[in-house]
Amino acid sequence: MTKIVFMGTPAFSAPILKMLVEEGHTILSVVTQPDRPVGRKKILTPTPVKEQALELGLPVYQPEKLKDPEQAQKILDLKPDLIVTAAFGQILPTAILEAPTLGAINVHASLLPEYRGGAPIHQAIIDGKKETGVTIMYMVDRLDAGDIISQITVPIEEADHTGSMFEKLSTAGMGLLKETLPSIIDGSNPRIPQDEERVTFARNISRDQERIDWNKSAREIYNQVRGLHPWPVAFTTFDGANVKLWWTEIADSHKNGAPGEILELVKDAIIIQTGDGALAIKELQPAGKKRMTAEDYLRGPKLQAGDRFE
């Protein structure tokens, strides 16, 4: 069977790796990001792909930077037929891209040429898209710019968020790669150049993108919150302290106020005025505290209508 080096890091990638093993391909090595400190206690934690690889009994390689020739050489020495990447998180040097006889391919979570970059799922939801998808593409030495091999479209439902779409797109990507691999291996697959005039980018999420601007519409803020759920999570400021907003809903309120102003407090929500319409905060996390429902939060601080989120 085909000798593959697999590169991936988050939970999105793990089912794709498992599928390759179940299909009988020889995985020479699983390349993933180094273990990182996680949480308040900074516990050194392996990536989901590393955990999956160890469960499958596969060798794991965790280079800090593949641009380092010595670290890259360890992959070149394996002489793979094919490199498969899925949300790996590092730019691959040209030497690695050109080494496999069948090329290097990527499972990218968007309908390229739309949303090239590291946060295509987040950005599609933030932008209010009704659908996105997965692209199998050849890798080149430009960001997500290689020829398209195959694509599949996946709808984004009203209540979807980045977490739910990661799962849907991972499943879709796994199925699409399974369906596409035979044609890549026998050389019969299409190669469709990307239309450069249609290119958009989805760069990694910045801190500024996490901050809520209450002058935006309720719909825009709702999309921002779900696009950043469950990570890195949108935030606002109240009484000088940051408050994470884990979940919101578009509200129907007949009251009016300034953007960010609390219009009313109901049993399970804090209703806030936006630049256009009202938004109900359903789950939040005050600084230094755990995530909680609005109902639990309202048992504590003495909020009142007229108070304002900044």
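Being a predicted model, the structure only gives us computed values, none of them experimental. Both backbone and side-chain heavy atoms feed into the values below; hydrogens, waters and symmetry mates do not.
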Within the distance-only criterion (no hydrogens, no angle test), does the side chain of Glu220 pair as donor or acceptor with the backbone N or O of Ser217 below 3.5 angstrom? yes
Joint cluster assignment, Leu303 & Leu279, ILVMFWY side-chain distance < 4.5 Å: yes
Just do the side-chain contact (heavy atoms from CB on, under 4.5 Å) check on Lys74 and Val31 with the steps written out, would you? CA-CA 11 Å; Lys74 292 184 179 181; Val31 185; over 6 Å; no
Should the pair Trp246 and His229 be assigned to parallel (<30°), tilted (30 to 60°) or perpendicular (>60°) ring geometry? perpendicular
Check whether Thr9 reaches the backbone of Phe88 with its side chain - one donor and one acceptor, N or O, closer than 3.5 Å. yes
Check Tyr222 against Thr248 and note the closest heavy-atom contact, atom names and distance. CE1-O, 3.3 Å
As a test of understanding, state which of Ile136, Leu176, Leu181 forms a side-chain contact (heavy atoms from CB on, under 4.5 Å) with Ile149. Ile136
As an exercise, state the distance from CE of Met292 to CG of Leu298, rounded to the nearest 0.5 Å. 10.5 Å
Are any side-chain N or O atoms of Ser13 and backbone N or O atoms of Ala86, one a donor and one an acceptor, separated by less than 3.5 Å? yes
Tell me whether Leu76 is reachable from Ile83 by hopping between hydrophobic residues (I, L, V, M, F, W, Y) whose side-chain heavy atoms are closer than 4.5 Å. yes
Shortest non-hydrogen contact between Pro286 and Tyr297, atoms and distance: CG-CE1, 3.4 Å
Test item: Asn242 side-chain N/O and Ala287 main-chain N/O as donor-acceptor pair under 3.5 Å: no
Exercise: identify the closest heavy-atom pair between Gln194 and Ala145: NE2-C, 3.4 Å
Between Arg226 (side chain only) and Glu158 (backbone N and O only), is there a donor and an acceptor less than 3.5 Å apart? yes
Which heavy-atom pair separates Val107 from Gly173 by the least distance, and what is that distance? CG1-CA, 4.1 Å
Is Gln90 reaching over with its side chain to a backbone N or O of Pro63, donor-acceptor style, under 3.5 angstrom? yes
Qualifying residue, where the test is side-chain contact (heavy atoms from CB on, under 4.5 Å) with Asp141 and the options are Leu92, Thr94, Ile91: Thr94
Mind checking whether Leu17 and Leu58 have side chains closer than 4.5 Å, heavy atoms only? yes
Side-chain heavy-atom pair Ile250, Arg219 within 4.5 angstrom cut-off: yes
For the atom pair CD1 (Ile105) and OG (Ser150), what is the distance rounded to the nearest 0.5 Å? 8.0 Å
If you count heavy atoms of other groups shown closer than 6.0 angstrom to NZ of Lys18, is the number above 12? no
Just say parallel, tilted or perpendicular for the rings of Phe166 and Trp231, cut-offs at 30° and 60°. perpendicular
In Å, rounded to the nearest 0.5 Å, how long is the span from CD1 of Ile121 to NE2 of His161? 12.0 Å
Please round to the nearest 0.5 Å and tell me the distance separating atom CZ of Phe309 and atom OG1 of Thr237. 10.0 Å
Is there side-chain contact between Leu143 and Arg203, with heavy atoms separated by less than 4.5 Å? yes
So Ile43 and Val38, do their side chains get closer than 4.5 Å, heavy atoms only? no
Do Met165 and Leu228 land in one hydrophobic cluster if side-chain heavy atoms of ILVMFWY residues count as linked below 4.5 Å? no
Any salt bridge linking Arg116 with Glu196? Criterion: basic side-chain nitrogen under 4.0 Å from a carboxylate oxygen. yes
Pair Arg191 + Asp147, salt bridge at N-O below 4.0 Å: yes
Identify whether Met19 and Val30 are in the same connected component of the hydrophobic contact network (ILVMFWY, side-chain heavy atoms under 4.5 Å). yes
Shortest non-hydrogen separation from Pro46 to Asp35 and the atoms involved: CA-OD1, 3.3 Å
Salt bridge or not for Arg36 and Glu64, using N-O below 4.0 Å? yes
Are the side chains of Gln151 and Leu112 in contact, using a 4.5 Å heavy-atom criterion? yes
Lys/Arg N to Asp/Glu carboxylate O, Lys168 vs Glu157, below 4.0 Å: no
State, yes or no, whether a side-chain contact exists between Pro37 and Leu44 at a heavy-atom distance under 4.5 Å. yes
pair Ile75-Met7: side-chain heavy atoms closer than 4.5 Å: yes
Test of understanding: clusters of I, L, V, M, F, W, Y form through side-chain heavy atoms closer than 4.5 Å, transitively. Do Ile4 and Ile185 belong to the same one? yes
Donor-acceptor pair, Asp213 side chain versus Asn215 backbone, under 3.5 Å? yes
Side chains of Val84 and His25: does their closest heavy-atom pair fall under 4.5 Å? no
Take Asp186 and Ser188, measure what side-chain hydrogen bond (donor to acceptor under 3.5 Å, both in side chains) needs, and give me the verdict at the end. CA-CA 6 Å; Asp186 68 22; Ser188 64; 2.6 Å; yes
What closest approach, in Å, do Leu28 and Lys3 show between heavy atoms, and which atom pair accounts for it? CD1-CB, 3.9 Å
Can you tell me how far the CD1 atom of Ile16 sits from the NZ atom of Lys178, to the nearest 0.5 Å? 13.5 Å
When rounded to the nearest 0.5 Å, the distance separating CD of Glu131 from OG1 of Thr153 is 5.0 Å
Less than 4.0 Å between a side-chain N and a carboxylate O, is that true for Asp296 and Arg299? yes
Donor-acceptor check, side chain of Tyr61 to backbone of Gln71, threshold 3.5 angstrom: yes or no? yes
